[in-house]
Amino acid sequence: MTKRNCFCGRLNRKDAGSKVIVAGWIKKRRDHGNLIFVDLGDRSGVVQLAFDPRVAKDTHSIAHSLREGWVIMAGGKVLLRPADSVNPKISTGEIEIQVEKVDVLNSSLPLPFSTDDEVELNEEVRLKYRYIDLRRPVMQRNMQLRYEVTKAVREFLDRQGFIEIETPFLTKSTPEGARDYLVPSRLNPGEFYALPQSPQLFKQIIMIAGFERYFQIVKCFRDEDLRADRQPEHTQIDIELSFIDEQDIFKLIEGMLKHVFEKTKGITIPTPFFSLSYEEAMERYGSDKPDTRFDMELKELSFLGKEGSFSSFQEIVKNGGCVKGITLPGPVNLSRRELDELKLWATNRGAPDLAWVIFAEKVKSPLAKFYDSSTLDKMAQASGAKKGDVLFMVAGSKDTVCKALGQLRIFLARKFNFIPEEKFNFVWIVDFPLFERNETGRLISVHHPFTSPCEENIPILETNPDEVTSRAYDIVLNGQEIGGGSIRIHKKELQEKIFKLLGMDEVRAREKFGFLLDALSLGAPPHGGIAMGLDRLVMILAGEKSIREVIPFPKTQKAVCLMTQAPSPVEEEQLRELHIEIRED
RNA sequence: GGGGCCGUAGUUCAGUUGGCUAGAAUGCCAGACUGUCGAUCUGGAGGUCGCGGGUUCGAGUCCCGUCGGCCCCGCCA
C-alpha cells in the first residue's frame, strides 16, 4: 500500500464495493473491543473506517492503539452500512470502509484541543497551536473561501484586461499616513527601507509606464494599533487604471463584487450600488462607513435649542452647535440603570451628554418639564418616534454630535438585534473633503496627497482649502470600509501645489517624492484606482467577526505571533552588521 | 497613551461571606464491550489557581504591582 487513491469526504454509496486507499488524520475512535470505528478526515471531509477482527486480525489490533490526531493510511473495501447504522449528519454517512490494511504514517501526542467545531476555544491557545486550529472544519472553510475569493477576483480582472504586476516590499519611507515598518539596510549604514503601507506610488508609476490596467493581490504593512478588523499586515486587492473616471471604477468594482459573490456564495447582489456623499453619511448615519442594513437614522432637532426652556440646548445652539437624535424603535423597557449606562457609554465616546425621551402613554424624560406638549409633538414628528419608542439626543458641535450618535446607533442596533445579519448592503461614499486639520491646525490629506481635488475646486485650493472636495471614494459593506480609492493627480504642477499646501517645502517634496514628480512630468496619463481590503471582505463573506478568522497566521493585539513568538531579540552580531545599537530608554 | 472584560487540570468552565485536602464536564491512561458515530460501562492519573509582593491564624477569593489574551477610544493618508 503506497498511495492513497481517493479523498475521504468524496466517497458515497456509488463507491460501494470498490477497493480504496485513504489517508488522513484520525478525528475520533470508537472502540467496541471487537468492532472498532475510526473517523478519518482529510481536507475533503470525514469517512468512517470499520475494523473487524474477522476481516483482518493484525489490522484490528493496530486499530486498538490508534489515537486522535494520528496520521494513517488505510486500505479496504467500501461497504454500504446497515440501514439502521446510516449517519445522516455526514456526507459519507451511507458507507464505511472495511479496513484490511492500515499504515501509521505518524503518531501524535494528545492534541491540545479537539479539532471539531463544537468547543469554544480561547484565542490564545488557538494561536499558539494555529496548525491544529487550522485543522478545524470552520478554519478549513474560511481558508478555502479566501482562496475562492482571490481566484474569482483574478478571473474577473483578467477578463477585463488587467495584468497582475508585483511591486517591491523593500521601499521608501514616506511622510504622513500610518507608521512605517522599517527595515535596516546592511549595505547603507544608518539607512532604512520601509515596508509598503500600500503600493500606491508604484501603481501610479505603472500607469505612467503605460500598462493602463494593473492589479495586485498584495500584503500591506502598517505599524498601528490593532483591532478586530486591523492587523499589522493585511492584504489588498490593489487596482489602478488609466483614462477613466469615478464611474468607470464604480462599475468595475460592482462587476467584480458581483462576480465574487456569485462564485463564492451563489448570491446575486444588486448593482449599481447606492452612493452617499460623505456629508450625507455623517448627517444621516454619523459615520463615514454607515451600516445601511437598518434605519435608526440621525434626525435634526436643533429647534429644541430655540423653543422651550432647556438652557443646555439653548446655549449650544446659540453658539453654533446642533441637536440631533436617534430613535430606538419600541417597545423596549430600559431601566433607569440602563439609561445611565448608555449615558456613560456615550459620554466616554465624546458626547457632552446624552438626553433621552421615552414616548410612553405619557412622555417620560428629564427634559419633559422644559417643553410644552406642542414642542414634544414636534420632537416626536421630527425624530419619527412613535408610541413606545425611545429618542436619544446629543447636543454639541456637529462633528461631535454625529460621531457620538453614529456609534450609539450601532451599539443600540447590536444590543437590540436590529441588524439583519443575512443582508449585504453596499454603499459608495463620495465627495470627501480633500483636507482636514491636525491638532496643530495644519492641513493633512483625508485620503492621501496624490488624490485629485475635483476640477471646479482647483481655483479655490489655496484660498479655501477646507472647502475643497476630493475625487476620493470609499466602498462600504455592512458598516465596514472594504475599499477606498481616488482619481489621482496626474499633473506635476498640481501635485507640487498640494505638497506645498500640506506644508512640505520644495526641498522635502523633491527628497521624498522626486521620482513621482519626475514621472508626472514625463507623460502621465489621467488615472485612478482603488484598494479593496481582502481580509475584511472575506471576513464578511465568512460571517466572521474578526479578520483573524480569515488570516492563517494572525498576530495578537500586541502584534505578536503566538506560534513563532515573533518579534524576538536578535544576535548581537546581526545588529552589528546592520549598524544598529539598542537604546535602553 | 486611555477605558472595559478575562486568566483556576490538556480543553471549556464552577468555586458563595477569606475556611480548600481546589471541583465538574470533556479529554488523557488502563480494563471491559460486535453497529458506534457526543458510543457505553468500570477504575485511575492529572493543578506554580498567569507571575511577584502584601494583609491575615488562614488567600483561588481581599489589596498593590506585573505579564498575557480579547473588545473599544485615541491612532490607522
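Within every chain, numbering begins at 1; the chains are lettered A, B, ... in the order of the sequence lines, protein sequences first and strands thereafter.
Listed by first then second residue, pairs satisfying salt bridge (charged side-chain N to carboxylate O under 4.0 Å, His left out) with a partner in residues 405-416 of chain A read A/Glu338-A/Lys415, not counting sequence neighbours.
B/rC33 atom C1' lies 11 Å from atom CG of A/Leu35, rounded to whole Å. Atoms CG (A/Asn34) and P (B/rG35) sit 9 Å apart, rounded to a whole Å. Straight-line distance from the NZ atom of A/Lys27 to the P atom of B/rG27: 16 Å, rounded to whole Å.
B/rU26 is paired with B/rG10 under the criterion used here, namely a Watson-Crick or G-U wobble arrangement in which both key atom distances are under 3.5 Å. The nucleotide B/rC5 finds its pairing partner in B/rG69, both defining distances of the Watson-Crick or G-U wobble pair being shorter than 3.5 Å. In this structure, B/rA59 makes no Watson-Crick or G-U wobble pair, since no nucleotide meets both defining distances under 3.5 angstrom.
The shortest distance between the side-chain N/O atoms of A/Lys558 and the OP1/OP2 oxygens of B/rG68 is below 4.0 Å. At the phosphate of B/rG38, OP1 or OP2 sits under 4.0 Å from a side-chain N or O atom of A/Lys89. Between A/Asn87 and B/rU36, a side-chain N or O to OP1/OP2 separation shorter than 4.0 Å is absent.
Checking A/Asn142 against A/Glu544 by side-chain atom types alone, a donor-acceptor pair falls below 3.5 Å. Side-chain contact check for A/Gln197 and A/Asp180: at least one donor-acceptor pair (N or O, by modelled atom type) lies under 3.5 Å. With 3.5 Å as the limit, one finds a donor-acceptor pair spanning the side chains of A/Asp42 and A/Ser44.
Per the stacking criterion (ring centres < 5.5 Å, plane angle < 30°), A/His32 does not stack onto the base of B/rG35. Where stacking is scored as ring centres under 5.5 Å apart with planes under 30°, A/Phe113 does not register as stacked on the base of B/rU11.
Under the 4.0 Å criterion applied to side-chain N and carboxylate O atoms, A/Glu496 and A/Lys492 are assigned as salt-bridge partners.
Nearest nucleotide to the side chain of A/Pro110, out of B/rC28, B/rG69, B/rU36: B/rC28. Looking at the side chain of A/Arg67, the nearest of the listed nucleotides B/rU34, B/rG69, B/rC29 is B/rC29. Comparing atom distances between the A/Ser85 side chain and each of B/rU36, B/rU34, B/rC70 picks out B/rU36 as nearest.
Residue A/Pro53 is out of contact with every strand shown, counting any heavy-atom pair closer than 4.0 Å. Note on A/Arg81: a base of the nucleic acid sits closer than 4.0 angstrom, heavy atoms only. Using a 4.0 Å heavy-atom distance criterion, A/Gln557 is classed as a base contact. Heavy atoms of A/Arg548 sit under 4.0 angstrom from primed sugar atoms or phosphate atoms, though from no base atom. Nucleic acid contact for A/Glu120: sugar-phosphate only, since backbone atoms but no base atoms lie under 4.0 Å from a heavy atom of the residue. Among the atoms of the strands shown, base atoms are found under 4.0 Å from some heavy atom of A/Ser198. A/Pro112 comes within contact range of the sugar-phosphate backbone alone, with a heavy-atom separation under 4.0 Å but no base atom that close. Looking at heavy-atom distances under 4.0 Å, A/Leu127 makes no contact with the nucleic acid at all.
Nucleotides B/rG52 and B/rA9, compared at atom C1', are 23 Å apart to the nearest Å. Atom name P, nucleotides B/rG31 and B/rC49: the rounded distance is 33 Å, in whole Å. To the nearest whole angstrom, the two C1' atoms, one in B/rA59 and one in B/rU8, are 14 Å apart.
Between A/Tyr278 and A/Phe432, the angle of the ring planes lies from 30° to 60°, which puts this pair in the tilted group. Using the six-membered ring where Trp is involved, A/Trp428 and A/Phe250 have ring planes that are parallel, under 30° apart on the 30 and 60° scheme.
Proximity of residues 222-236 of chain A to RNA chain B (heavy atom under 4.0 angstrom from any strand atom) is restricted to A/Arg222, A/Glu224, A/Asp225, A/Arg227, A/Ala228, A/Arg230.
Side-chain contact check for A/Leu111 versus A/Tyr129: every heavy-atom pair is 4.5 Å or farther apart.
Only one option out of A/Leu434, A/Val446, A/Ile489 pairs with A/Thr451 in a side chain to side chain contact (heavy atoms under 4.5 Å, CB included); it is A/Leu434.
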